[in-house]
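Read the structure below first, then the notes.
Convention: sequence-line order gives letters A, B, ...; per-chain numbering from 1.
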Amino acid sequence: RRAEMAKSTQLIDNEVFRAYATYTAIVLLKMMLMSLITAYFRITRKAFVNPEDTASFGKGESAKKYLRTDPDVERARRGHLNDLENIVPFVGIGLLYALSGPELSTALLHFRIFTGARILHTFAYLIPLPQPGRGLSWAVGYSVTFSMAYKVLKTAWLL
Amino acid sequence: RRAEMAKSTQLIDNEVFRAYATYTAIVLLKMMLMSLITAYFRITRKAFVNPEDTASFGKGESAKKYLRTDPDVERARRGHLNDLENIVPFVGIGLLYALSGPELSTALLHFRIFTGARILHTFAYLIPLPQPGRGLSWAVGYSVTFSMAYKVLKTAWLL
Amino acid sequence: RRAEMAKSTQLIDNEVFRAYATYTAIVLLKMMLMSLITAYFRITRKAFVNPEDTASFGKGESAKKYLRTDPDVERARRGHLNDLENIVPFVGIGLLYALSGPELSTALLHFRIFTGARILHTFAYLIPLPQPGRGLSWAVGYSVTFSMAYKVLKTAWLL
């Protein structure tokens, strides 16, 4: 019984893994927030894509006019897709990185910079900030994931 | 040799992890199914996006007319993207949750409700069911992932 | 101290897991490369979607004309989305598969075929190759993930 509990909690007892778990949960929650932001813009701008979503606005033409695109909705959706494109590699490569035995301080540096960069990226996209604000925050997150991938490949390499 | 085998199978021997593996495989296979549904609609509705995909319909204008969008194809694609947006956080946060030492019964409750909600969401999107059918199934899955993230952050918190 | 290090590195000491880590890092880096290819086409074709991205081309109409879609940009974006749809299931199911105790040679066969198929898929999409080049490379990767999911469900099944 004790052995079983030890087994189930051993990874979560490791400090680097705990840091990975904390930052991964934060960036995935941040990504999930994009759904709420898109829904907020769809409702306030009355801009929908599915006919069944506009049924409460009446029937026929009166509802059909809300089947349209809106710049704010599209912007939030692009931010969400950009999160998917960048946070998925972070979560996958970050897990392998956390298991490759990095120093806690080095790992924290990677996780913190990535998380900060992605939060900045979201603000830069939604406000929007003038370029190169969004571009730079994207590049910083990208570079962190790249750096972790390098460590993973150096440690684990078995082709 | 025995130690090595023990190492490689220990996580999979843990019941919570086995439940996580089972439900994660199911929801990822369900997500992969969306590719086949999209392909089915593209072929039956003759609605393609890449010129090289319509080459078998002849050359020039006779093939070009099949480069078009179709409501059923677009609906399946939106369902697929919604899966990516919601199943990716489940898989990432669910892994950390499974390693955070939850009770098996609590973990099963989370995994089962999420999986059921996402299967309902797909039916609600593709049939389509009147709202709030799709909205509710989305919100249930979202809430389950949120609940797991709360447990992960409470257990692992190291910022 | 030694026990702690052992804990943190045990998974990465397992050969199947090392192979998983290597191929996962490679396919995720390949997926990340799609961002750079899209950016390359956006800049060389001068085809942007965010008004703030065209500010350096001047103000008003002179910048607005670069807010447009371009076939090469859209093609790279479709390749990127297809990667997300297929590499996410590989990374998730592949992790569970690597922990389900497969033979190293069988695991390597799965990882190598998937990685080769996805690299071919990218070339088939971007060149583009005539069909069924892209379709076949997609189907091969899809089948590999399906085969790993079968092994995971057979080993871990707990519903």
Shortest non-hydrogen separation from A:Tyr66 to A:Thr54 and the atoms involved: CB-CG2, 4.0 Å
Those residues of residues 132-159 of chain C, ordered by number, that approach chain A below 4.5 Å (heavy atom to heavy atom): none
CZ/A:Arg75: more than 12 non-hydrogen atoms of other groups inside 6.0 Å: yes
Heavy-atom check, side chain of A:Leu99 versus side chain of A:Asn14, under 4.5 Å: no
Donor-acceptor side-chain pairing of A:Tyr23 and A:Arg112 below 3.5 angstrom: yes
Under 4.5 Å from any heavy atom of chain A - which part of C:Val49: both
Validation row: C:Met32, C:Asp83 side chains within 4.5 angstrom (heavy atoms): no
Parallel, tilted or perpendicular: ring planes of C:Tyr97 versus C:Phe111, cut at 30 and 60 degrees: perpendicular
Part of C:Met31 lying under 4.5 Å from any heavy atom of chain A: side chain
Interatomic spacing from CG in A:Leu126 to CZ in A:Arg78 - rounded to 0.5 Å: 10.0 Å
Shortest non-hydrogen contact from C:Pro102 toward C:Ala98: CD-O, 3.8 Å
Note, A:Arg42 side chain near A:Arg77 side chain (heavy atom, < 4.5 Å): yes
Residue C:Ile87 versus chain A: region with a heavy atom under 4.5 Å: neither
Between C:Ser56, C:Ala25, C:Pro51, the one whose heavy-atom pairs under 4.5 Å with chain A are most numerous: C:Ala25
Per-residue contact mode, C:Ala19 against chain A (heavy atom under 4.5 angstrom): both
Toward chain C, the part of A:Leu95 with a non-hydrogen atom under 4.5 Å: side chain
